[in-house]
**Q** 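Take this structure first; my questions come after.
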Amino acid sequence: MRHADHILLLFAAPAVLLFVVIEALVLSWRGRYDWRAFGVSVLDMISRLAMGVLFPLSVAAPLVLLAYQHRVMTLETSGWLAVLLLFFGQEFCYYWYHRAAHRVRWFWSNHAVHHSPNELNLSAAVRIGILGKLTGTPLFFVPLAWLGFEPRVVYGVLSLNLLYQFWIHATWIPRLGWLEGIINTPSAHRVHHAANLEYLDANYGGVLLIFDRLFGTYIPERDDVPCRYGLVHPVTSYNPLKIEFHQWTALARDLASARSLRAVAGYLFAPPGWAPEGEGETTEAMRARHARQQAGAAGEVSPGVAAVPAMPEIAR
């Protein structure tokens, strides 16, 4: 087991669980709280830690080690310049990992577990999905190892990045003024977890949102569009096996029905909702249908009046 995993298991995990319980008790005292969803999330956390003990290495570990063996240089994190480079490099790699986790169905099949809670709170933060190491997500951090950072240090920083993101799952924290759009805040993360068409596929950053601003995927929270949490097609079951594997079983069914290599590749690597024929239910397809419906409704109500403009697209 990596040193970072020891720290997570022995110190961070109990602290996180304590704050989850405290928030649950307070929210339950103030009103309704979904304790069954809380149980599913905690079970996911425990199962994931157990998987980390049993399978300490990702399927992508050989490529990470190969990249480090053929590194351009050796970068020690004893100096502040190297630390800054690692921090911003890790943020860059995390952005593209997280974007792929939403835009590539293979990665989404595990990441969807994190987005399955229909209420957003601290317990949702610990529901991440138990098959992350089997999907090969460490591939996105290979450039840092190739550049010269020791893999153990890279994934230690990633663990700290994920630990930072714990608190931004609290919906009771308001907007943070001028920090919005610069760092990842609870408001920005509410948008990220929202299933509203206006908010889909946005705010992928870990600690910072500078790459969302740079690549056009930043969407601020709006007062006139309350966030609806969960998946586009909500999962209402509390069965932990269904929650963990419902996307994988759907992917398996689609692969079994594929009649061409194009369909196989599309089901695996195209965005969730892709279909070999027709528009499917990708974010782009749903927004295009929404725009046509708005235009049609505007034409019916006010003939000759210009159609309502389509919802702004997120840059891909």
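Note that the coordinates shown come from a computational prediction; the quantities given were computed from them, not determined experimentally.
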**Q** Is the closest side-chain heavy-atom distance between Glu281 and His233 below 4.5 Å?
**A**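 Yes; the side chains approach each other to less than 4.5 Å.
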
**Q** Heavy-atom count check: over 12 atoms from other residues, nucleotides or ligands less than 6.0 Å from Trp35 CH2?
**A**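 Enclosed: over 12 neighbouring heavy atoms sit under 6.0 Å from CH2 of Trp35.
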
**Q** Quick one: pull up CG in Leu209 and CG in Asn184 and give me the separation to the nearest 0.5 Å.
**A**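 Going from the CG atom of Leu209 to the CG atom of Asn184 covers 4.5 Å.
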
**Q** Do Asn121 and Ser123 have side-chain atoms, one donor and one acceptor, less than 3.5 Å apart?
**A**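 Per modelled atom types, Asn121 and Ser123 side chains form a pair under 3.5 Å.
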
**Q** More than 12 foreign heavy atoms under 6.0 Å from OH of Tyr33: is that the case here?
**A** yes

**Q** Is the shortest side-chain heavy-atom distance between Leu251 and Leu268 below 4.5 Å?
**A**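 Contact flag for Leu251/Leu268 side chains = yes.
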
**Q** Is the side chain of His246 donor-acceptor paired with the backbone N or O of Lys242 at a distance under 3.5 Å, no angle test?
**A** yes

**Q** For a quick test of reading the model, state the closest non-hydrogen atom pair linking Trp274 to Thr282 and the distance between them.
**A**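 That would be N-CG2, 3.5 Å.
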
**Q** What side-chain donor-acceptor pairs closer than 3.5 Å can you find for residues 82-91, not counting sequence neighbours?
**A**
unit_1, atom_1, unit_2, atom_2, d
Gln90, OE1, Asn161, ND2, 2.9
Glu91, OE1, Val207, N, 3.3
Glu91, OE1, Leu208, N, 3.1
Glu91, OE2, Asn161, ND2, 2.8
Glu91, OE2, Val207, N, 3.0

**Q** How far apart are the C-alpha atoms of Trp146 and Tyr68, what are their side-chain angles, what is the distance that settles it, and do they pass the ring-ring contact (aromatic ring centres under 6.0 Å, His included) test?
**A** CA-CA 5 Å; Trp146 177 74; Tyr68 186 65; over 10 Å; no

**Q** Answer yes if the ring centres of Tyr204 and Phe215 are under 6.0 angstrom apart, and no otherwise.
**A** no

**Q** Does a donor on one side chain sit under 3.5 Å from an acceptor on the other, for Asn110 and Thr135?
**A**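 Result is no, nothing qualifies.
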
**Q** Going by the salt bridge (charged side-chain N to carboxylate O under 4.0 Å, His left out) test, which pairs reach into residues 16-35, not counting sequence neighbours?
**A** Arg32-Glu119

**Q** Using a distance-only test with no angle check, is there a side-chain donor-acceptor pair under 3.5 angstrom linking Tyr95 and Thr217?
**A** yes

**Q** Compare all side-chain heavy atoms of Leu176 with those of Pro186 and state whether any distance is below 4.5 angstrom.
**A** yes

**Q** Consider only side-chain N and O atoms of Arg127 and Ser116, and report whether a donor and an acceptor are under 3.5 Å apart.
**A** yes

**Q** For Leu25, does its backbone N or O pair with a side-chain atom of Ser28 as donor and acceptor, under 3.5 Å?
**A**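 Flag not set: sc Ser28 to bb Leu25 has no pair under 3.5 Å.
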
